[in-house]
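Presented below is the structure to which this report refers.
For clarity, every value in this text was computed on a predicted model and none was experimentally measured.
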Amino acid sequence: MTDYDTERVSPKEAGLKINEISRLGYITPTPHLSKRMGERHYDFQDLEQILSFGKVKKPPEYDEKHGQWKYKVEGNTIDGEKATAVVAILSHNEILGITIMDK
């Protein structure tokens, strides 16, 4: 569950909030994210780059199992490669990193 009201936020607004939180707040990685980062050759700096400057272009998907809205953030890694990170906004200053993949 989150304390951030995602139901009334547009993809653009969510993207701006994710950008802000990634620069000024906390990114909490799930074990799944950590595993995928290793498998796909990304590091935490790549994740921070994507989340700090990437865009949310689609509405969120609701994950009933975890009771949260998931956003796909499209952006570039430190090396300029396109990638997508999936996150949930947990609060006004915390993001949950769920997974990362090639664009």
Donor-acceptor contact present, side-chain T99 to main-chain L33, <3.5 Å
no
With distance as the sole test, does D43 use its side chain to make a donor-acceptor pair with the main-chain N or O of Q45 at under 3.5 Å?
yes
Would you mind reporting whether L24 and N93 have side-chain heavy atoms less than 4.5 Å apart?
no
Can you check side chain to side chain contact (heavy atoms under 4.5 Å, CB included) on R36 and M101, steps first, answer last?
CA-CA 8 Å; R36 291 296 181 251; M101 64 197 87; over 6 Å; no
So for atom OH, which belongs to Y26, do other residues, nucleotides or ligands contribute more than 12 heavy atoms lying within a distance under 6.0 Å?
no
Full working for side chain to side chain contact (heavy atoms under 4.5 Å, CB included) between V56 and K17
CA-CA 10 Å; V56 175; K17 185 64 179 173; over 6 Å; no
Establish, from distance only, whether the side-chain atoms of Y42 and D102 form a donor-acceptor pair under 3.5 Å.
yes
Pair E94, S91: side-chain N/O donor-acceptor within cut-off below 3.5 Å
no
Under the criterion side chain to side chain contact (heavy atoms under 4.5 Å, CB included), I'd like the reasoning laid out for I98 against H66: C-alpha separation, chi angles, the key distance, then a yes or no.
CA-CA 11 Å; I98 298 170; H66 296 101; over 6 Å; no
Let me confirm one number: the CD1-OG distance from I21 to S52, rounded to the nearest 0.5 Å.
11.0 Å
Of K103, K58, K82, which meets salt bridge (charged side-chain N to carboxylate O under 4.0 Å, His left out) against E74?
K103
In the single-linkage hydrophobic clustering (I, L, V, M, F, W, Y; side-chain heavy atoms under 4.5 Å), do V73 and F44 co-cluster?
yes
Could you report the tightest heavy-atom contact between Y62 and G67, atom names first, then the distance?
OH-CA, 3.3 Å
Can you tell me how far apart CD (E61) and CD (Q68) are? Round to the nearest 0.5 Å.
12.0 Å
Starting from I18, can I reach F53 by hopping between I/L/V/M/F/W/Y residues whose side chains sit under 4.5 Å apart?
no
Can you tell me how far the NE2 atom of H41 sits from the OG1 atom of T77, to the nearest 0.5 Å?
13.0 Å
Nearest 0.5 Å, please: how far is CD1 in I50 from CG in N19?
12.0 Å
I need the I100 CD1 to S34 OG distance, nearest 0.5 Å.
11.0 Å
Nearest 0.5 angstrom please: L90 CG to T28 OG1, how far?
6.5 Å
